[in-house]
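This one's a predicted model, so the numbers in the text were calculated from it and none came from an experiment.
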Amino acid sequence: MTGEEKPKSHGRLSVTASLKPRDLMAEVPRLKGAWTARIITLFPEAFPGTLGLSLTGKALAEGLWQLETIPLRPFGVGKHRNVDDTPAGGGAGMVLRADVVGNAFDQAAIGTPPDRTKWPVVYLSPRGKPFDQAVARRWARAQGITMLAGRFEGVDQRVLDHYAVEEVSLGDFVLSGGEIAAQAMLDAVVRLLPGVLGNAASTEEESHSHGLLEHSQYTRPALWEGREIPPVLMSGHHGEIEKWRRSEAERLTQDKRPDLWALYSAKTR
């Protein structure tokens with residue numbers, strides 16, 4: 001290169017933060033009234049994740065439900081878009097700011113009904129009430145849902161109180177953030193939506209649908225490693241098969257989940 005030659009510049013990449021929800025399946029048909037999930041998250045790239053696979057992914061591609069992410073970082077404060085600060089009163093870790101999360105909730109609320117039975121607003125929190133099949137069915141009956149996938153030590157309580165946010169837990173353990181919990185809960189909800197499974201009876205026969213665990217399942221070969229399929233299942237007698245499945249579901253629930261069995265027994269007395 002001579003002294004007169006100047007290196008060519010290819011310019012700089014410019015990244016602009018957007019407050020508009022990111023539709024993860026923008027090129028697929030958007031069916032009017034399709035159940036919609038809006039996820040407020042610091043990691044929008046985590047979605048759709050496993051929700052883009054198998055039945056939920058096929059349903060997403062067909063427009064039977066919609067998934068949008070609302071990145072939290074663009075709502076951050078100052079030059080560095082800070083979304084958190086130190087806990088009031090001292091302590092370890094950081095807490096998501098009320099003003100930042102509040103602005104994200106406002107964005108997520110655009111175009112949604114204010115009635116929380118029609119559109120729940122949820123914070124995925126280890127201190128929330130346990131997620132179960134009844135919650136999944138309730139959410140599936142709504143028009144959609146907004147989920148806040150938390151990070152750090154938690155969220156400023158004032159924003160949860162102000163927006164009457166429902167706190168729900170995936171289980172009695174702590175994750176690094178709410179993204180995995182959101183995917184697990186959404187998977188349970190989406191499969192209940194009309195047309196996703198294709199066979200509505202499937203959701204009625206699964207574990208927890210009637211307060212019991214699902215009965216044991218078998219398929220070919222009829223004999224494997226000296227173990228055979230229970231003869232009643234090969235009998236063709238549908239009444240006896242149904243009785244066996246019910247009895248097996250009750251036995252398994254008593255054995256594996258005595259807590260569920262106690263609740264079931266109380267309801268059926």
Side-chain angles (χ1 to χ4, degrees), residues 31 33-35 37 50-65 117-118 120 122 128-145 166 168-173 180-269:
L31 301 183
W35 193 90
T50 57
L51 296 171
L53 306 175
S54 190
L55 291 171
T56 54
K58 183 173 181 288
L60 186 61
E62 292 176 350
L64 297 179
W65 71 291
T117 63
K118 296 180 179 179
V122 177
K129 62 184 177 184
F131 179 79
D132 58 19
Q133 194 68 13
V135 175
R137 285 195 294 265
R138 173 165 62 85
W139 290 354
R141 290 192 294 267
Q143 297 176 20
I145 192 170
E166 177 182 358
V168 181
S169 171
L170 186 61
D172 293 333
F173 50 87
I180 292 174
Q183 290 189 30
M185 294 180 192
L186 287 176
D187 184 280
V189 175
V190 169
R191 61 199 318 278
L192 298 176
L193 301 177
V196 173
L197 284 186
N199 181 3
S202 296
T203 60
E204 294 300 317
E205 297 171 359
E206 295 173 327
S207 289
H208 307 291
S209 293
H210 298 287
L212 296 171
L213 299 181
E214 188 178 17
H215 55 78
S216 300
Q217 297 282 8
Y218 300 87
T219 188
R220 295 183 179 88
L223 182 67
W224 178 80
E225 297 290 338
R227 300 170 184 267
E228 64 177 0
I229 295 175
V232 66
L233 299 180
M234 309 294 285
S235 69
H237 194 303
H238 297 296
E240 291 301 313
I241 291 172
E242 184 57 35
K243 282 172 58 179
W244 179 89
R245 286 176 169 170
R246 182 74 178 191
S247 176
E248 180 75 352
E250 292 178 348
R251 181 187 69 80
L252 288 172
T253 305
Q254 282 182 282
D255 182 44
K256 296 179 180 294
R257 291 292 303 273
D259 56 327
L260 289 180
W261 178 252
L263 291 173
Y264 175 78
S265 298
K267 291 179 180 179
T268 54
R269 283 183 190 140

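A distance of 6.5 Å separates OG1 of Thr253 from CG of Leu260, quoted to the nearest 0.5 Å. Rounding to the nearest 0.5 Å places CG of Leu213 at 6.5 Å from CZ of Arg257. For the atom pair OG (Ser265) and CD (Glu250), the distance works out to 8.5 Å, reported to the nearest 0.5 Å. Between the CD atom of Glu214 and the CG atom of Leu252 there is a distance of 10.0 Å, given to the nearest 0.5 Å. We find the OH-CD distance between Tyr218 and Glu228 to be 10.0 Å, quoted to the nearest 0.5 Å. One finds the CZ atom of Arg246 at 11.0 Å from the NE2 atom of His215 (value rounded to the nearest 0.5 Å).
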Does the side chain to side chain contact (heavy atoms under 4.5 Å, CB included) test come out yes or no for Leu186 and Ile145, once each step is laid out?
CA-CA 9 Å; Leu186 287 176; Ile145 192 170; 4.1 Å; yes
Between Val168 and Trp139, is the side chain to side chain contact (heavy atoms under 4.5 Å, CB included) condition met? List the steps.
CA-CA 12 Å; Val168 181; Trp139 290 354; 3.8 Å; yes
For a side chain to side chain contact (heavy atoms under 4.5 Å, CB included) check, start with the C-alpha distance between Lys256 and Trp261, then their side-chain angles and the critical distance, and finish with the verdict.
CA-CA 9 Å; Lys256 296 179 180 294; Trp261 178 252; over 6 Å; no
So Trp65 and Leu51, side chain to side chain contact (heavy atoms under 4.5 Å, CB included) or not? Walk me through it.
CA-CA 11 Å; Trp65 71 291; Leu51 296 171; 4.1 Å; yes
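Minimum heavy-atom separation, Leu170 to Ala181: CD2-CA, 3.8 Å. In terms of heavy-atom proximity, Lys118 sits nearest to Ala142 at O-CB, 3.2 Å. Of all the heavy atoms in Ser169 and Gly128, the pair that sits closest is CB-O, 3.4 Å. Of all heavy-atom pairs spanning Ala34 and Gly63, the tightest one is CB-O, 3.5 Å. Taking each heavy atom of Arg191 and Val196 in turn, the nearest pair found is CA-CG1, 3.9 Å. Between Gly195 and Leu64, the shortest heavy-atom contact is O-CD1, 3.7 Å.
Using a 4.0 Å cut-off between charged nitrogen and carboxylate oxygen, Glu242 and Arg245 do not count as a salt-bridge pair.
Counting only heavy atoms from C-beta outward, the side chains of Phe131 and Val122 never approach each other to under 4.5 Å. Looking at heavy atoms from C-beta onward, Val189 lies out of side-chain contact with Leu192 at the 4.5 angstrom threshold.
The environment of Asp172 atom CG is sparse: at most 12 non-hydrogen atoms of other residues, nucleotides or ligands sit within 6.0 angstrom. Other residues, nucleotides and ligands contribute only 12 or fewer heavy atoms inside 6.0 Å of the CD1 atom of Ile180.
Between the side chain of Glu240 and the backbone N or O of Val232, no donor-acceptor pair lies under 3.5 Å.
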